[in-house]
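For reference, the structure is listed below as structure tokens.
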There are 2 protein chains.
Amino acid sequence: METKTALTALAGLAHDTRLSLFRLLVPAGPQGLAAGVLAERLALPGATLSFHLKELRHAGLVSQRRAGRTLYYAADYAAMNALIDFLMQNCCQGADCVPAVCAPVRPRNQEPRHETHAHTRRRNRS
Amino acid sequence: METKTALTALAGLAHDTRLSLFRLLVPAGPQGLAAGVLAERLALPGATLSFHLKELRHAGLVSQRRAGRTLYYAADYAAMNALIDFLMQNCCQGADCVPAVCAPVRPRNQEPRHETHAHTRRRNRS
DNA sequence: TCCATATTTCCATTATTATAGAAATATAGT
DNA sequence: ACTATATTTCTATAATAATGGAAATATGGA
């Protein structure tokens, strides 16, 4: 991951509202949540919500999908993995490090979402 | 890690100059680098450097130590680990996840720097 | 075509963060 | 005590980001 990309991702998450949005989207899985639902859950005016969603989108952390007149937003797990990877480079320079692997909690009948760390064994079966 | 703490840490790293500072400090190990050295390496005016170092310090990402008239700044590995942990919660909600462990590259005659993840096996001997 | 719904973009305002010169503080040496 | 060095805090200014009402766009249904 490029430094500039990492910086944008960090700035994307470094805001109360946006972090909350992302945290709502993560357990929602790949199909995401409608803008309206997000607005309601966080009690945000539409314009403000839109502003932050755009920000997250530009940071590559969420994706947008239209279905009828509602827009669904979903967390981008690969982007989050890439960010974590980047931070681990900055934390330990690649040495003596256990890499992280993240995936949607319950992938709803869909193929695996990212090929990063294909070599890494999974743990924490819960 | 508390959300508020994570937000501060994210904001701490979400700036070009501060991320560069942190990346200079990481390989420097626990004894850190003098403010003067950092100023020179990044070609920053003293006041600007001070501003960003304070920011990083308030975010808990770096520590300060005085020796004579020079102030040394060092990366806080535990804080970085905590941040990565936090992000992994937000990425996969604790399920199906390999936790990360980070440590200084070459601990210079000093005891291990953090007790987080004492249960986790190390990998990547290089 | 007309109306309702879902959501965005526009724009003005306010709030927050960054920049860097100059003055202040801390320490050390003579 | 005086001077030099290292670095910070003070302060004003400039730059960037966030907020939210109002107007605009997109879609779907009658």
Side-chain angles (χ1 to χ4, degrees), chain A residues 3-25 28 31-76, chain B residues 3-25 28 31-76:
Chain A
T3 300
K4 212 169 162 182
T5 316
L7 270 169
T8 322
L10 286 166
L13 294 174
H15 186 279
D16 198 15
T17 300
R18 289 193 295 266
L19 185 57
S20 298
L21 283 170
F22 194 80
R23 294 177 83 178
L24 282 177
L25 293 180
Q31 77 271 51
L33 293 174
V37 173
L38 293 168
E40 197 195 24
R41 297 255 184 104
L42 296 182
L44 287 173
T48 303
L49 175 78
S50 252
F51 169 78
H52 289 298
L53 284 174
K54 179 157 69 179
E55 213 69 3
L56 284 170
R57 230 148 69 72
H58 286 173
L61 289 165
V62 315
S63 60
Q64 189 191 53
R65 169 178 60 89
R66 182 180 279 277
R69 48 193 159 183
T70 97
L71 286 169
Y72 288 87
Y73 289 88
D76 188 318
Chain B
T3 299
K4 211 168 163 185
T5 316
L7 270 169
T8 321
L10 285 167
L13 294 174
H15 186 280
D16 198 15
T17 300
R18 288 194 294 266
L19 185 57
S20 299
L21 283 171
F22 194 80
R23 295 177 83 179
L24 282 177
L25 293 180
Q31 76 270 52
L33 293 174
V37 172
L38 293 168
E40 196 195 26
R41 296 253 184 107
L42 296 181
L44 289 173
T48 303
L49 175 78
S50 251
F51 169 79
H52 290 298
L53 285 175
K54 178 158 67 180
E55 213 69 2
L56 285 170
R57 230 147 70 74
H58 287 172
L61 290 163
V62 314
S63 60
Q64 188 190 56
R65 168 177 61 88
R66 181 180 280 278
R69 48 192 159 185
T70 99
L71 286 168
Y72 288 88
Y73 289 89
D76 187 318

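Since this is a predicted model, take the numbers as computed values, not measurements. Scope of the values below: all heavy atoms of this structure, side chains included, with no hydrogens, waters or symmetry mates. All chains are named by letter (A, B, ...) in the order of the sequence lines, taking the proteins before the strands, and each is independently numbered beginning at 1.
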If you compare all heavy atoms of [X] against all heavy atoms of [Y], which two are closest, and at what distance to 0.1 Å?
X       : Y       : value
A/Ala28 : A/Leu33 : CB-CG, 3.7 Å
B/Tyr72 : B/Ala67 : CE1-CB, 3.8 Å
A/Tyr73 : A/Leu25 : O-CD2, 3.2 Å

Please report, rounded to the nearest Å, how far the [atom2] atom of [N] is from the [atom1] atom of [X].
X       : N      : atom1 : atom2 : answer
A/Phe51 : C/dT13 : CZ    : P     : 18 Å
A/Leu38 : C/dT8  : CG    : C1'   : 14 Å
B/Gln64 : C/dA26 : CD    : C1'   : 12 Å
A/Leu49 : C/dT9  : CG    : P     : 12 Å
A/Arg65 : C/dA6  : CZ    : P     : 16 Å
B/Leu71 : C/dT27 : CG    : C1'   : 10 Å
A/Arg57 : C/dT8  : CZ    : C1'   : 11 Å
A/Lys54 : C/dT9  : NZ    : P     : 5 Å

Does B/Gln64 have more than 12 heavy atoms from other residues, nucleotides or ligands lying within 6.0 Å of its CD?
yes
Chain B footprint on DNA chain D, 5' to 3' - any atom under 4.0 Å from a heavy atom:
D/dA4 to D/dT9
Dump the intermediate steps for side chain to side chain contact (heavy atoms under 4.5 Å, CB included) on A/Thr17 and A/Thr48, then the final yes or no.
CA-CA 10 Å; A/Thr17 300; A/Thr48 303; 5.6 Å; no
B/Gly12 backbone acceptor or donor facing B/Arg18 side chain under 3.5 Å:
yes
Quick check: does any side chain N or O of A/Arg66 sit under 3.5 Å from a backbone N or O of A/Gly68, one acting as donor and the other as acceptor?
yes
Can you find a side chain N or O atom of B/Thr48 that sits less than 4.0 Å from OP1 or OP2 on C/dT19?
no
Does A/His15 put a side-chain nitrogen or oxygen below 4.0 Å from OP1 or OP2 of C/dT16?
no
Across the strands shown, which category fits [X] at heavy-atom distances under 4.0 angstrom: base, sugar-phosphate, nothing?
X       : result
A/Ser50 : base
A/Ala39 : nothing
A/Gly36 : sugar-phosphate

Pick the closest DNA chain D nucleotide for A/Arg69 and for A/Leu44 by heavy atoms, then say which residue is nearer the 5' end.
A/Leu44
Between B/Gly68 and A/Ala35, which has a closest nucleotide on DNA chain C that is more 5'?
A/Ala35
